[in-house]
2 protein chains.
Amino acid sequence: MANKVQPIERCDCDVIHEDIVKQVKNKMPQEETLYDLAELFKVFGDSTRIKILWALDEAEMCVCDIAFLLNMTQSAVSHQLRVLKQADLVKNRRAGKIVFYSLDDEHVKQIFNQGLTHILELREDQ
Amino acid sequence: MANKVQPIERCDCDVIHEDIVKQVKNKMPQEETLYDLAELFKVFGDSTRIKILWALDEAEMCVCDIAFLLNMTQSAVSHQLRVLKQADLVKNRRAGKIVFYSLDDEHVKQIFNQGLTHILELREDQ
DNA sequence: CAAATAAATGAATAATTGTTCATATGTTCA
DNA sequence: TGAACATATGAACAATTATTCATTTATTTG
């Protein structure tokens, strides 16, 4: 992941397109922003986490409810909930022994919907 | 990745929340849809690909332009462009020796923006 | 046709990651 | 207090993946 600075030799066509490249470079967001964006989507890029988020969008649930719903071990679910929590996508509250998780972001459903739109369009095309 | 069917033992709290779990289960989208959704976000979950998509949203570009812009080898860029093409996020056209890539989806920017909104809100909170 | 250029591809490698297993922590209640 | 339950956590392992390097394919042009 460490971005070593290695000079890439330009090919001839770059000289021709130099203006475009320079223009795009200026318009690009900060390196850090793009990195954070990728990190966020990485969290969405696992079907277990997608399922958990989708479930929590329907209802607040405890860890073992989720584990049963998804037919997964409590441990696996717990690990993934930690990832989701670190990404500030879910929050939790403790009620005695039980810890309830719920969504902590209003955009989750909107991000899902944008993705779904893409997927459904592709299916139509086939 | 192969989802072995292993029976997960229900804990006591599941019995209590049985109705909720059953209700959520019914409302969940198809397994395949959630899987496809995760696969799509996985493509967005890499900063190199995010950068490429962002660049292509600004302008159509050839492979070596992108390589120069991102300071990466032609090969690395080419490999990632293949991933993006397989996900139907970019398309290409050949003009002689040069292959130009461009976005093949109107939702890319919208998906970016949803993600950005989340990130920027988090930054404000700190 | 041969040389040169742009891009694609396959194998190899290093790094990351999701799950499992064993165990620890925190809470309730008899 | 101790047993039982719900959850969290750390180590280990298998699987996936991003990049590099070497090579191939496709195209132009001298």
Side-chain angles (χ1 to χ4, degrees), chain A residues 1-17 35 38-39 41-52 61-68 70-87 90-101, chain B residues 1-17 35 38-39 41-52 61-68 70-87 90-101:
Chain A
M1 239 12 157
N3 242 0
K4 289 275 179 56
V5 180
Q6 55 182 160
I8 300 289
E9 219 166 311
R10 296 190 86 166
C11 55
D12 293 352
C13 84
D14 273 326
V15 180
I16 305 166
H17 310 137
Y35 184 79
E39 287 302 302
F41 287 126
K42 205 173 282 179
V43 176
F44 284 90
D46 174 80
S47 56
T48 295
R49 289 192 292 263
I50 287 275
K51 286 175 195 169
I52 293 176
M61 291 169 79
C62 71
V63 179
C64 69
D65 279 344
I66 300 171
F68 177 74
L70 306 183
N71 196 42
M72 293 180 63
T73 64
Q74 171 269 320
S75 179
V77 171
S78 189
H79 277 298
Q80 294 302 353
L81 283 168
R82 185 159 48 82
V83 174
L84 292 170
K85 186 132 189 283
Q86 277 169 352
V90 305
K91 59 176 184 279
N92 59 10
R93 68 179 177 87
R94 184 177 268 277
K97 288 181 292 187
I98 301 175
V99 177
F100 287 97
Y101 280 83
Chain B
M1 244 359 161
N3 240 358
K4 288 274 178 57
V5 180
Q6 56 182 161
I8 300 288
E9 220 166 312
R10 298 189 85 167
C11 56
D12 292 352
C13 83
D14 275 323
V15 179
I16 305 167
H17 310 136
Y35 184 79
E39 287 303 303
F41 287 125
K42 208 173 283 181
V43 175
F44 284 89
D46 175 81
S47 57
T48 296
R49 289 192 293 265
I50 286 275
K51 286 176 195 168
I52 292 176
M61 292 170 80
C62 72
V63 179
C64 69
D65 279 344
I66 300 169
F68 177 74
L70 305 183
N71 196 42
M72 293 180 63
T73 65
Q74 172 269 320
S75 179
V77 170
S78 190
H79 278 297
Q80 295 301 353
L81 283 169
R82 185 160 46 82
V83 175
L84 292 170
K85 187 131 186 284
Q86 278 168 351
V90 305
K91 59 176 184 279
N92 58 10
R93 69 179 175 88
R94 184 177 270 279
K97 288 181 291 188
I98 300 175
V99 177
F100 286 98
Y101 279 83

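Protein chains get the first letters and strands the later ones, always in sequence-line order, with residue 1 at the start of each. The structure displayed is predicted, hence computed values, not measured ones.
Atom-to-atom distance recorded for B:M61:CE and B:F100:CZ is 10.0 Å, nearest 0.5 angstrom. Interatomic distance, B:I66 CD1 to B:N71 CG, rounded to the nearest 0.5 Å: 14.0 Å. Note that the SG atom of A:C64 and the CE atom of A:M72 stand 14.0 Å from one another [nearest 0.5 Å]. With values rounded to the nearest 0.5 angstrom, B:D46 atom CG is found 9.5 Å from A:E39 atom CD.
The CG-P distance, from A:N71 to C:dG18, rounds to 19 Å in whole Å. Distance, B:I66 CD1 to C:dA6 P: 14 Å, rounded to whole Å. The interatomic distance linking A:K91 (NZ) with D:dT7 (C1') rounds to 19 Å, in whole Å. Rounded to a whole Å, the CG atom of B:D46 is 9 Å from the C1' atom of D:dT17. Between B:F68 atom CZ and C:dA6 atom C1' the separation is 17 Å, expressed in whole Å. The distance from atom CG of A:L84 to atom P of D:dT7 is 16 Å, rounded to the nearest whole Å. In this structure, A:M72 atom CE and C:dG18 atom P are separated by 10 Å, rounded to whole Å. Straight-line distance from the NZ atom of A:K42 to the C1' atom of D:dA18: 10 Å, rounded to whole Å.
Remark: B:T48 is in phosphate contact with D:dT19, judged by side-chain N or O atoms under 4.0 Å from OP1 or OP2.
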Just the atom pairs and distances: protein N or O near nucleotides 8-10 of chain D's N or O, under 3.5 Å.
from	atom 1	to	atom 2	distance (Å)
D:dA8	OP1	A:Y101	OH	2.6
D:dA8	OP2	A:S78	OG	2.9
D:dA8	N7	A:Q74	NE2	2.9
D:dT9	O4	A:S75	OG	2.7
D:dG10	O6	A:H79	NE2	2.8

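With sequence neighbours excluded, no residue forms a side-chain contact (heavy atoms from CB on, under 4.5 Å) with B:K97.
DNA chain C is contacted by both A:G45 and A:G96; A:G45 maps to the nucleotide lying nearer its 5′ end (nearest heavy atom per residue). Of the two residues near DNA chain C, A:K97 and A:R49, the one whose nearest nucleotide lies more 5' is A:R49.
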Side-chain donor-acceptor pairs under 3.5 Å in residues 76-85 of chain B, sequence neighbours left out?
from	atom 1	to	atom 2	distance (Å)
B:H79	ND1	B:R82	NH2	3.1
B:Q80	OE1	B:R49	NH1	2.8

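Between A:F41 and B:F41, the angle of the ring planes stays under 30°, which puts this pair in the parallel group of the 30/60° scheme.
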